[in-house]
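Take a look at the structure set out below.
Both backbone and side-chain heavy atoms feed into the values below; hydrogens, waters and symmetry mates do not. As the structure lists them, so they are numbered: ligands from 1, and atoms in each ligand from 1. Everything numeric here is computed off the predicted structure, so don't read it as measured data.
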Amino acid sequence: MRVLGLESSCDETAAAIVDGGTRVIADVVASQHEVHERYGGVVPELASRAHIRNVVPVVQACLDRAGCTLDAIDGIAVTNAPGLIGALLVGLQTAKALAWVTGKPLVGVHHLEGHLSAVFLEPDPPPMPHLALIVSGGHTSLVRVNDHGRVIELGATRDDAAGEAFDKGAKLLGLGYPGGIVIDKLAQTGDPTAVSFPKAMTASSTGAEFSFSGLKTALLHHVRAHGVPEGQALSDLCASYQAAIVEVLVRKTRRIARKENLTHVQVCGGVAANSELRKQLRAAAAEDELTLYIPAPARCTDNAAMIAAAGYHRLVRGERDSLALDATPNAPLPRSA
Ligand code: KG4
Ligand code: ZN
């Protein structure tokens, strides 16, 4: 079954065609980073307008790359939650129009269900059940994945997401947007022990919950006291800030894997592209005898192949959405054991 996926929940306009939920036939992502860079974050109205400009060319480029027409598609999957409302609506209305003119079945996909499905596009996907650490710009959570579409959230962030901590930290340091990539790069030549930052919610009593807003405040105080450094000192500050985020994520993941008795762990979402997080998780997995699964960096950040993969499982289960399907900007990950 060939599924056309569409994704437009934030600042990437993406279309992909995936066969059988695992084989990527075409995958096109148009990023809007240059649109938002000067503002240090995503400007919702500008995102919606860029999606409108990009969505039809992106779908066309995807079909061209696949060398097929819409006739060869068996179903259409689209991100309809959560995200920026105006941005979501562009992909959703496009998907509905395509479903209407072709008569093909339509399914809405929760963005995080999409992130959880990205790893199934890799050659060696995790078995069920497994533990998932979802780390994106808007979400940070630990989730028990019993099967496709059957997940239980064990804990999430109480305030900022890990990606948000990277983005807000980078903005504070005048490093542009998206911050994660810039901090990741600068940190590679920095000393992670140079500055001590708080590692919140690491006591075992805090379960699977996270908190990153105190870290951002600690960086603000540091910058107020010492200014924004340059050269090696900037790399040291980035490495220290990144180390605090990574340490919390790794410690929590190890602890919850042990507690839930899950030995297979996947990590997904934009922050899973972070080189230090990948390195430290690999080392922790080796120590704790966990098997770790992380998608290729381009499949960690937003893309439509993951939406098509998640949509495939919904379609196979016989799920269909009508053309009345709406966008829900704040919908939590559907809980189902
Ligand atoms: O999953 P994603 O593409 O979009 C959302 O669903 O939010 O994640 C975007 C987030 C941004 O906060 C971005 O700074 C972060 O992922 N990110 C990274 C890296 N690449 C992207 N954070 C740390 N290191 C990276 N290499
Ligand atoms: Zn995402």
Side-chain angles (χ1 to χ4, degrees), residues 5-14 16 27 29-33 36-37 39-42 44 47 51 79-84 87-88 91 109-119 132-141 143 156-157 160-173 175-188 190 192 212 215-216 238-239 241-250 266-281 294-307 309-310 329-331 333:
L6 292 183
E7 155 65 40
S8 69
S9 65
C10 191
D11 59 343
E12 261 92 27
T13 320
D27 185 6
V29 180
S31 159
Q32 304 175 5
H33 291 170
H36 305 287
E37 201 174 11
Y39 305 101
V42 178
H51 283 307
T79 310
N80 71 317
L84 302 169
L88 283 168
V109 170
H110 190 283
H111 185 76
L112 299 187
E113 196 175 311
H115 275 305
L116 288 171
S117 299
V119 76
L133 171 68
I134 309 176
V135 270
S136 71
H139 296 85
T140 297
S141 41
V143 170
T157 181
D160 290 351
E164 216 173 339
F166 274 109
D167 294 339
K168 287 179 175 171
K171 188 176 180 181
L172 209 69
L173 297 173
L175 299 175
Y177 175 87
I181 304 165
V182 193
I183 291 182
D184 188 348
K185 201 159 174 233
L186 283 168
Q188 278 166 23
F212 290 106
L215 176 62
K216 170 193 69 191
C238 287
Y241 187 74
Q242 173 178 273
I245 300 173
V246 168
E247 184 178 329
V248 172
L249 294 174
V250 174
Q266 71 142 308
V267 188
C268 60
V271 179
N274 183 266
S275 55
E276 187 62 23
L277 179 64
R278 294 169 86 96
K279 193 171 123 196
Q280 293 210 21
L281 280 167
I294 314 181
R299 294 262 157 72
C300 292
T301 46
D302 287 351
N303 63 88
M306 67 185 198
I307 303 301
N330 295 314
L333 187 61

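Considering only heavy atoms from C-beta on, Ile307 stays 4.5 Å or farther from Leu6 through its side chain. The closest side-chain heavy-atom distance from Val119 to Cys268 is not below 4.5 Å. A heavy-atom distance below 4.5 Å is found between the side chains of His115 and Met306.
At least one donor-acceptor pair under 3.5 Å links the side chain of Tyr241 to the backbone N or O of Ala165. The closest donor-acceptor contact from the side chain of Ser8 to the backbone of Ala87 lies under 3.5 Å. In this structure a side-chain-to-backbone donor-acceptor pair under 3.5 Å is present from Gln32 to Ala47. Judged by distance alone, the side chain of His51 and the main-chain N or O of Cys10 form a donor-acceptor pair under 3.5 Å. In terms of modelled atom types and a separation under 3.5 Å, the side chain of Gln266 and the main chain of Leu116 share a donor-acceptor contact. Asp167 places no side-chain N or O within donor-acceptor distance of the main-chain N or O of Pro178, the cut-off being under 3.5 Å. Formation of a donor-acceptor pair under 3.5 Å by the His110 side chain with backbone atoms of Ala331 is found in this model.
Between Ser275 and ligand 1, no N or O atom pair is found at a separation short of 3.5 Å. Residue Gly270 places at least one N or O, backbone or side chain, under 3.5 Å from an N or O of ligand 1. The N/O atoms of Gly163, backbone and side chain alike, include one that comes under 3.5 Å of an N/O atom in ligand 1. Considering both main-chain and side-chain atoms, His111 comes within under 3.5 Å of ligand 1 through a nitrogen or oxygen pair.
Residue-level proximity to ligand 1 for His139 is absent, since no heavy atom of it falls below 4.0 angstrom. With a 4.0 Å cut-off on non-hydrogen atoms, Thr301 touches ligand 1 through its backbone as well as its side chain. Under 4.0 angstrom from ligand 1, the non-hydrogen atoms of Asp302 come from both its backbone and its side chain.
Under 2.8 Å from the Zn ion (ligand 2) lies no N/O/S atom of His139, from backbone or side chain alike. Taking 2.8 Å as the threshold, Cys10 does not count as a candidate ligand of the Zn ion (ligand 2), since none of its N, O or S atoms lies below it.
Taking the Zn ion (ligand 2) as reference, the nearest N/O/S atom within Asp302 carries the name OD1.
Considering only non-hydrogen atoms, atom 7 (O) of ligand 1 lies nearest to Gly137 out of Gly180, Cys268, Gly137.
Residue contacts with ligand 1: Cys10 is excluded, as none of its non-hydrogen atoms falls under 4.0 Å.
Among all protein heavy atoms, the one lying closest to atom 26 (N) of ligand 1 is Asp184 OD2, 2.9 Å. Among all protein heavy atoms, the one lying closest to atom 24 (N) of ligand 1 is Asn274 ND2, 3.0 Å. In this structure, atom 12 (O) of ligand 1 lies nearest to the protein heavy atom Asp167 OD2, 2.7 Å.
Near Gly138, with a cut-off below 4.0 Å to any heavy atom, the atoms of ligand 1 are 7 (O). Counting the atoms of ligand 1 from 1 in the order shown, those under 4.0 Å from a heavy atom of His115 are 1 (O), 6 (O). When each atom of ligand 1 is checked for a heavy atom of Phe166 under 4.0 Å away, the hits are 22 (N), 23 (C). The Ile181 neighbourhood of ligand 1 comprises atoms 19 (C), 20 (N), 25 (C), with distances under 4.0 Å to a heavy atom of that residue. The atoms of ligand 1 that sit less than 4.0 Å from any heavy atom of Ala273 are 26 (N).
Considering all non-hydrogen atoms of both residues, Leu88 and Ser9 come closest at CD2-CB, 3.5 Å.
Between the side chains of Gln188 and Ser275, at least one donor-acceptor pair of N or O atoms lies under 3.5 Å.
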